[in-house]
Amino acid sequence: MAQRNPWQIPDEYRGKAFSGEWPTLPELFRITASRYPESACFTVYDPDRVTLTFAQALEKIERLAAFLASEGVKRGDKVAVTGKNSPEWAVAYLATLFAGATVVPIDYQIKNNETEAILKASDSVAAFVDEEKFDAITAAGTGLRAVWSLSRNKAGYCYDLAAKGAAPAIMPATEKDLAAILFTSGTTGTPKGVMLTHANLVSDCFLAQGNLSIYHSDVFYALLPIHHSYTMLAVFIEAISVGAEIVFGQRMVTKAILK
């Protein structure tokens, strides 16, 4: 394929799909979904291949964002996401941003009391939690308004959530608003929250493409935990920016990886 300037994508949509220097992550996803609606977006082998196209992913994200708005989640609120790599994780992450809120991705492998400490330190108002920890991370025990599930085996499954009646209008975030708070591992002390704006993440995504040729026909394999800043940017956000497919690896099993 011919080499292209990575800035051509946002330049083409500036003043149409977004204003300002950089699009927010929701604006970026909508741009890509308009360019490649039928392309594979999020894929998981469970055990057979299950794929959402960009159009299907956008529908689920907007529906969940409307639900969050109906539950009182608004611009500036913090919503945590903790779980295995999965399309549900991605949908919950993006729906939080589509609702104008800030997402707090949390390491799924840390102890429950450490998760609770981060929920409180980040002032999260709600959380999406995967199956294994769903019964342990409760709203009553953490002071959250609600805890919803990333697994279809638990109540409040994120794909089943929808606003009852007309959802309130969403005040979208701007590029200078806080997009995510990424907590360090805490190996040298108490975990610290790194605060990143939409412009931080989106500009880094496109600046990296100055030395990285990626295309909508590419496939990214998300094996490292997606809450890590590296996987979040170099796999998740980079793929979204060009319309590439993300395959979510859920376990370090060589046979599954090769498949």
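In this structure, CD in E27 is found 9.0 Å from OG1 in T174, a value given to the nearest 0.5 Å.
Partners of F98 according to the ring pair (Phe, Tyr, Trp, His ring centres under 6.0 Å) rule, which considers only residues two or more places apart in sequence or in another chain, do not exist here. With sequence neighbours excluded, the residues that form a side-chain hydrogen bond (donor to acceptor under 3.5 Å, both in side chains) with D135 are K154. Applying the ring pair (Phe, Tyr, Trp, His ring centres under 6.0 Å) test to Y36 and every residue at least two apart in sequence or in another chain returns H216. For N211, the side-chain hydrogen bond (donor to acceptor under 3.5 Å, both in side chains) test picks out no residue, with sequence neighbours left out. Contacts of V219 classified as side-chain contact (heavy atoms from CB on, under 4.5 Å), with partners at least two apart in sequence or in another chain: E245, V247. Residues satisfying the ring pair (Phe, Tyr, Trp, His ring centres under 6.0 Å) test with W89, not counting sequence neighbours, are Y93. By the salt bridge (charged side-chain N to carboxylate O under 4.0 Å, His left out) test, K176 is found to be paired with no residue, residues two or more places apart in sequence or in another chain being considered. With sequence neighbours excluded, the residues forming a side-chain hydrogen bond (donor to acceptor under 3.5 Å, both in side chains) with E62 are R30, listed by chain and number.
Side-chain contact between C41 and T53 is absent, with no heavy atoms from C-beta onward closer than 4.5 Å. Side-chain atoms of V103 and V81, non-hydrogen and from C-beta on, do get closer than 4.5 Å to each other. Between V202 and P23 there is a side-chain heavy-atom pair separated by less than 4.5 Å.
Remark: the S151 side chain and the S149 side chain contain no N/O donor-acceptor pair separated by less than 3.5 Å.
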Side-chain atoms of residues 226-238: list all donor-acceptor pairs with protein atoms under 3.5 Å, sequence neighbours left out, distances to 0.1 Å.
unit_1	atom_1	unit_2	atom_2	d
T231	OG1	P225	O	3.3
E238	OE1	Q209	NE2	2.9

Considering only distance and modelled atom types, tabulate donor-acceptor pairs under 3.5 Å from the side chains of residues 158-172, sequence neighbours left out.
none

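Put simply, W22 and I214 are part of the same group of oily side chains (I, L, V, M, F, W, Y) that touch within less than 4.5 Å, one to the next. I106 and L224 fall into different hydrophobic clusters, where Ile, Leu, Val, Met, Phe, Trp and Tyr residues are linked whenever their side-chain heavy atoms come under 4.5 Å apart, directly or through other members.
Residue I31 shares its hydrophobic cluster (ILVMFWY side chains chained together at separations under 4.5 Å) with Y13, F18.
The pair D123-K78 does not count as a salt bridge, with every side-chain nitrogen at least 4.0 angstrom from each carboxylate oxygen.
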Audit row: F29, F54, ring pair (Phe, Tyr, Trp, His ring centres under 6.0 Å) steps and yes/no: CA-CA 9 Å; F29 193 91; F54 273 90; 5.6 Å; yes

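Environment of CZ in R152: sparse, with no more than 12 heavy atoms of neighbouring residues, nucleotides or ligands closer than 6.0 Å.
Pairs engaging residues 102-112 under the side chain to side chain donor-acceptor pair (under 3.5 Å) rule: Y108-E132 [sequence neighbours left out].
Remark: the backbone N or O of L150 is not paired with any side-chain donor or acceptor of E131 at under 3.5 angstrom.
The only member of T82, V91, V147, L64 that meets side chain to side chain contact (heavy atoms under 4.5 Å, CB included) when paired with F128 is L64.
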